[in-house]
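The structure under discussion appears below in the form of structure tokens.
For clarity, every value in this text was computed on a predicted model and none was experimentally measured.
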Amino acid sequence: MPSEFDLIRRHFTRPPQHTDLAVGDDAALLRPRAGMQLAVSTDMLVSGTHFFADTDPEDLGWKTLAVNVSDLAAMGAEPRWAFLALALPAADDPWIAAFARGLFACADAFGVDLAGGDTTRGPLNLSVTIVGEVPAGQAITRTGARAGNELWISGQPGLAALGLAALRGEVALDAAGRARCVDALQRPQPRVELGLQLRGIATAMLDVSDGLLGDLAHILEASAVGAIVDAAALPLDALRATGANAAIARRCLLSGGDDYELLFAAPASARPALTELSTSLGLPLHRIGQITGQAGVCLLREPDGTLAPAGASGYDHFA
């Protein structure tokens, strides 16, 4: 049976790219670049709450880091260092090796050093603290949305929620659609480059982890504004193409979580720049509504023009 330190040496130790001292000592030594602020976030994934116990460990390794990278993307920050706290029910070497492969595949994709962490025996629990850099004063927070701004969402929200529903047997998708949705759930793609490019354009931003409407409410609260979401502008076609019916597709897009797409506000004058950015990144950017001055009021405009309270909340661990 390998010891804790054997597991760390074998699976989680490798030469760092931009860390003065990484795994193997009592603390890491980091050297931020001049003129940068540090952006720090922590996220935890718990077996049975955030993932199924039989989830492929390589996918789980990717997702464990990716959801944290996404938090930095939502601030317009560049990910640099990660710290992994890992509770394992047993020292299952093949499982850990596959998990590490997925973790480091994500780290390589986004330029992240694994700079330290901890391992212990216990129920499967994965926690990452991630540290990134953003030029001083240029972080995109949730507080800057203003009445008259337009509301945008990246990529294809709703796929991950459809994937979860398919795994639970709650919806029947065609084979190709199911594969795409489950991949979106298990291998989310943090929008780091988009976040960097939105510095100076987006007035407020976050990543959609707990549902589009639920997360939008955080921007509205932080910025003391309201919003109108246009149902006719929602990108539902790709969800319907998986075999989902209209009602399920809409519910997954508005209330499903785990997409890690970027939801942001921007001035109407930024529309040409955002269209150009979408083309240059090869990433759809959907204009889905506008910010209003009615603090905390989120309305849904139906295709016939009627307005009604949005009414959907996001995921809450203690609800």
Side-chain angles (χ1 to χ4, degrees), residues 8-9 11-45 58-86 99-119 126-144 154-155 187-202 204-209 259-264 277 280-281 283:
I8 293 170
R9 279 191 294 269
H11 299 294
F12 299 108
T13 304
R14 66 178 189 173
Q17 303 174 67
H18 40 248
T19 307
D20 290 345
L21 182 63
V23 176
D25 218 303
D26 289 308
L29 298 177
L30 314 180
R31 186 179 301 179
R33 292 170 290 184
M36 295 286 188
Q37 287 180 297
L38 294 181
V40 184
S41 180
T42 298
D43 226 329
M44 183 186 301
L45 300 181
E58 193 164 338
D59 286 345
L60 191 55
W62 173 281
K63 187 171 184 175
T64 297
L65 184 55
V67 300
N68 287 270
V69 170
S70 182
D71 283 334
L72 296 191
M75 301 286 290
E78 181 182 354
R80 300 277 281 170
W81 303 281
F83 298 83
L84 172 68
L86 185 62
F99 176 87
R101 282 196 305 273
L103 183 90
F104 282 120
C106 187
D108 290 341
F110 297 101
V112 177
D113 277 352
L114 182 63
D118 191 25
T119 59
L126 317 164
S127 179
V128 168
T129 296
I130 195 161
V131 183
E133 294 176 322
V134 60
Q138 294 188 34
I140 307 169
T141 69
R142 303 177 180 185
T143 61
S154 68
R187 292 259 180 167
Q189 301 298 314
R191 304 304 187 186
V192 172
E193 187 57 34
L194 174 62
L196 300 180
Q197 295 295 325
L198 286 174
R199 293 176 189 161
I201 298 177
M205 185 161 66
L206 47 63
D207 67 333
V208 178
S209 57
D259 287 308
Y260 303 99
E261 296 291 356
L262 296 186
L263 177 66
F264 61 95
L277 180 58
S280 67
L281 294 179
L283 176 67

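Residues forming a side-chain hydrogen bond (donor to acceptor under 3.5 Å, both in side chains) with Thr64 (at least two apart in sequence, or on another chain): none. For Ser127, there are no side-chain hydrogen bond (donor to acceptor under 3.5 Å, both in side chains) partners two or more places apart in sequence or in a different chain. When the side chain to side chain contact (heavy atoms under 4.5 Å, CB included) test is applied to Ser154, the partners found at least two apart in sequence or on another chain are Arg191, Leu194, Glu261, Leu262, Leu283, Leu285. Partners of Arg101 by salt bridge (charged side-chain N to carboxylate O under 4.0 Å, His left out), not counting sequence neighbours, listed by chain and number: Glu58. Residues passing the salt bridge (charged side-chain N to carboxylate O under 4.0 Å, His left out) test with Asp43, sequence neighbours excluded: none. The side chain to side chain contact (heavy atoms under 4.5 Å, CB included) test applied to Ala66 returns Trp62, Cys106, Pro188, Pro190, not counting sequence neighbours. Considering only residues two or more places apart in sequence or on other chains, Arg187 meets the side-chain hydrogen bond (donor to acceptor under 3.5 Å, both in side chains) condition with Asp59. In terms of the side-chain hydrogen bond (donor to acceptor under 3.5 Å, both in side chains) criterion, residue partners of Glu193 (sequence neighbours excluded) are, by chain and number, Gln197.
Scanning all heavy atoms of the two residues, the minimum distance from Phe83 to Gly117 falls at CD2-N, 4.3 Å. When all heavy atoms of Leu198 and Met205 are compared, the pair lying nearest together is CD1-SD, 3.5 Å. Closest heavy-atom contact between Gly195 and Ile140: O-CD1, 4.0 Å. When every heavy atom of Ala74 is checked against every heavy atom of Asp207, the shortest pair comes out as CB-N, 3.5 Å. Here the closest non-hydrogen pair linking Val112 and Val69 is CG2-CG2, 4.4 Å. Between Leu103 and Leu65, the shortest heavy-atom contact is O-CD2, 3.6 Å.
Between Val192 and Leu196, some side-chain heavy-atom pair lies under the 4.5 Å cut-off. At a threshold of 4.5 Å between non-hydrogen side-chain atoms, the residues Phe264 and Leu206 do not count as touching. At a threshold of 4.5 Å between non-hydrogen side-chain atoms, the residues Leu86 and Asp118 do not count as touching. Within the 4.5 Å cutoff, no side-chain heavy atoms of Val208 are placed close to those of Tyr260.
Proximity of a side-chain donor or acceptor of Arg80 to a complementary backbone N or O of Val131 within less than 3.5 Å is not detected.
Atom CG of Leu84 and atom OG1 of Thr119 lie 9.0 Å apart (nearest 0.5 Å). How far CG of Leu281 is from CG of Leu277: 4.5 Å, rounded to the nearest 0.5 Å. Distance check, rounded to the nearest 0.5 Å: CZ of Arg142 to CE of Met75 gives 8.5 Å. In this structure, CZ on Phe104 lies 4.5 Å from CG on Leu114, to the nearest 0.5 angstrom.
Applying the salt bridge (charged side-chain N to carboxylate O under 4.0 Å, His left out) test to pairs two or more places apart or on separate chains, those with a residue in residues 32-42 are Arg33-Glu78, Arg33-Glu133.
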field: Derivation of the side-chain contact (heavy atoms from CB on, under 4.5 Å) call for Leu72 and Ile130
entry: CA-CA 8 Å; Leu72 296 191; Ile130 195 161; 3.8 Å; yes
